A.B. asks: 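Take a look at this one; I'll ask things after.
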Amino acid sequence: MITGHTQLFGIIGNPVEHSLSPAMHNAAFAALGVNGVYVPMRPSDLADGFRGLRSLGFIGVSVTVPFKVAIMDFLDTIDSVARKIGAVNTLLFERTVKGIQCKGFNTDWLGSNQALAEEIDLNGSTVLIIGAGGAARAVGFGLIEAGARVLLTNRTEAKGRELAAQLNCPFLAPGELATVHADALVNTTSVGMAPHADGIPIQPELLSRFPVVMDIVYAPLRTRLLHEAADRGCRTIDGLQMLQYQGAAQFTLWTNLAAPHAVMRQALMAELLSRPS
Ligand code: ATR
């Protein structure tokens, strides 16, 4: 029941109507009896939208494409890893003696680390990242925070080399992957996403070099990459894992409660399955 005491949460993005986050967070509130509601919002102007969130008393807000970088200009403080990544996906509004302060965080890297940590000990491990966009930045800086050694590959060499330099890690051109070995491989590109579900971001014959293969694509849930990896005996991590764990980190930042992981995963699955494929 929404009442005069209901706490406000939501997500800003454009587009935002397909976000799975409302289902995940509202299910978590319901499971723990939190009087909160999480709504999707598409601001026509980011500055106006941000002022609105602050003045209407929102407590926590997720930020998605295309606002993750631009939002940083409006915040009172930004977490150090979010600053390194150069993107914020989580806002926390706090009431202080100075008025309402808005803190920015990035939980994408927490999500990818936690998903991977279910399968490998990240500290001291080697992980090959495919891609050099925003998702690769979050996964890459996150792995370095956890003490992993990162290798990076990307279709466009200049872009890959630029991110590799920032991560202080080796860059491997796609043609140089023939001899690579690592403890895990993470696809951060959109290759394999519906409606191009036959795409795969690496030659399947190379997959047996990686005991663990993780995809951030979650539509379809079992991407061709994960199928080919499982066929070769790799342990696989699907794209909902990172989404769920980054959401769980947000939930805890906002409520100080342990996130109900199983409930959140189930809500994501149900929402995904309810959609036309
Ligand atoms: P995001 O912020 O979601 O990571 P992005 O910044 O557009 O998105 O980055 C997309 C990444 O996916 C890039 O590494 C891109 O490779 P390029 O730098 O060569 O563009 C990669 N990518 C997207 N489509 C691809 C494809 N068909 N084949 C290989 N890589 C692809």
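Since the structure is predicted, the reported quantities are computational estimates derived from the model, not experimental observations. Just so you know, ligand 1 is whichever comes first in the structure, and atom 1 is the first atom listed for that ligand.
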A.B. asks: Is a donor on one side and an acceptor on the other found under 3.5 Å between the side chain of Thr252 and the backbone of Leu257?
C.D. replies: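 Answer holds: yes.
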A.B. asks: Which ligand 1 atoms, with their elements, are less than 4.0 angstrom from a heavy-atom of Thr189?
C.D. replies: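 Atoms satisfying the 4.0 Å criterion: 12 (O), 21 (C), 22 (N).
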A.B. asks: Return yes or no for this condition: an N or O of Ala136 is under 3.5 Å from an N or O of ligand 1.
C.D. replies: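 In this structure, Ala136 places no N or O atom under 3.5 Å from an N or O of ligand 1.
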A.B. asks: Would a distance-only check, ignoring hydrogens and angles, find a side-chain to backbone donor-acceptor pair under 3.5 Å from Arg54 to Phe50?
C.D. replies: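 Such a contact is absent between Arg54 side chain and Phe50 backbone.
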A.B. asks: Report yes if some N/O of Gly131 lies less than 3.5 Å from some N/O of ligand 1; otherwise report no.
C.D. replies: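 No, since none of the N or O atoms of Gly131 sits under 3.5 Å from an N or O of ligand 1.
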A.B. asks: Closer than 4.0 Å to some heavy atom of Ala135 - which atoms of ligand 1 meet that?
C.D. replies: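 Answer, ordered by atom number: 1 (P), 2 (O), 4 (O).
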A.B. asks: Salt bridge or not for Arg51 and Asp45, using N-O below 4.0 Å?
C.D. replies: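 Answer for the salt bridge query: no.
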A.B. asks: Check whether Asn14 reaches the backbone of Arg42 with its side chain - one donor and one acceptor, N or O, closer than 3.5 Å.
C.D. replies: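 No, the answer is negative, given that no donor and acceptor are paired below the 3.5 Å cut-off.
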A.B. asks: Are any non-hydrogen protein atoms located under 4.0 Å from atom 7 (O) of ligand 1?
C.D. replies: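 No, because not a single protein heavy atom sits under 4.0 Å from atom 7 (O) of ligand 1.
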A.B. asks: Using 30° and 60° as the class limits, which term best fits the ring planes of Phe251 and His25: parallel, tilted or perpendicular?
C.D. replies: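 Rings of Phe251 and His25: parallel, under 30°.
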A.B. asks: Are a donor atom and an acceptor atom from the side chains of Asn113 and Glu145 found within less than 3.5 Å of each other?
C.D. replies: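 Asn113 vs Glu145: no donor-acceptor pair found between side chains.
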A.B. asks: In terms of residue, atom name and distance, what is the protein heavy atom nearest to atom 10 (C) of ligand 1?
C.D. replies: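 Minimum-distance protein heavy atom for atom 10 (C) of ligand 1 reads Gly133 CA, 4.5 Å.
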A.B. asks: If you measure only the distance, is there a donor-acceptor pair under 3.5 Å linking the side chains of Asn187 and Thr189?
C.D. replies: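 Their side chains do contain a donor-acceptor pair, which is all the 3.5 Å distance test asks for.
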A.B. asks: Looking at ligand 1, would Ala132 count as a contact under a 4.0 Å heavy-atom criterion?
C.D. replies: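 Ala132: in contact with ligand 1 (<4.0 Å).
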A.B. asks: Name the closest protein heavy atom to atom 18 (O) of ligand 1, giving the residue it belongs to and the distance to 0.1 Å.
C.D. replies: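 It is Asn154 ND2, 2.9 Å.
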A.B. asks: Measuring from atom 28 (N) of ligand 1, which candidate in Val191, Thr153, Ile129 has the nearest non-hydrogen atom?
C.D. replies: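 Going through Val191, Thr153, Ile129 one by one, Val191 has the nearest heavy atom to atom 28 (N) of ligand 1.
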A.B. asks: For Gln266, does the CD atom have more than 12 heavy-atom neighbours from other residues, nucleotides or ligands under 6.0 Å away?
C.D. replies: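 It does not: Gln266 CD has 12 such atoms or fewer within range.
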A.B. asks: Do you see a protein non-hydrogen atom under 4.0 Å from atom 1 (P) of ligand 1?
C.D. replies: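 Given the 4.0 Å limit, the answer for atom 1 (P) of ligand 1 is yes, a protein heavy atom qualifies.
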A.B. asks: Which residue owns the protein heavy atom closest to atom 20 (O) of ligand 1, what's the atom, and how far is it?
C.D. replies: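 Of every protein heavy atom, Arg155 NH2, 2.9 Å lies nearest to atom 20 (O) of ligand 1.
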A.B. asks: Give me the residue, atom name and distance of the protein heavy atom closest to atom 23 (C) of ligand 1.
C.D. replies: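 In this structure, atom 23 (C) of ligand 1 has Ser190 OG, 3.9 Å as its nearest protein heavy atom.
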A.B. asks: Run the numbers for me: atoms of ligand 1, each under 4.0 Å from some heavy atom of Gly134, listed by number.
C.D. replies: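 Reading through ligand 1 atom by atom, the close ones are 1 (P), 2 (O), 4 (O), 6 (O).
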A.B. asks: Let's go through Lys98 and Asp76 carefully: what are the C-alpha distance in whole Å and the side-chain angles of both, what is the deciding distance for salt bridge (Lys or Arg N to Asp or Glu O under 4.0 Å) to 0.1 Å, and is it a yes or a no?
C.D. replies: CA-CA 11 Å; Lys98 287 194 275 178; Asp76 298 300; over 6 Å; no
A.B. asks: Are any of the N or O atoms of Thr156 closer than 3.5 Å to those of ligand 1?
C.D. replies: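 It does: an N or O of Thr156 is found under 3.5 Å from an N or O of ligand 1.
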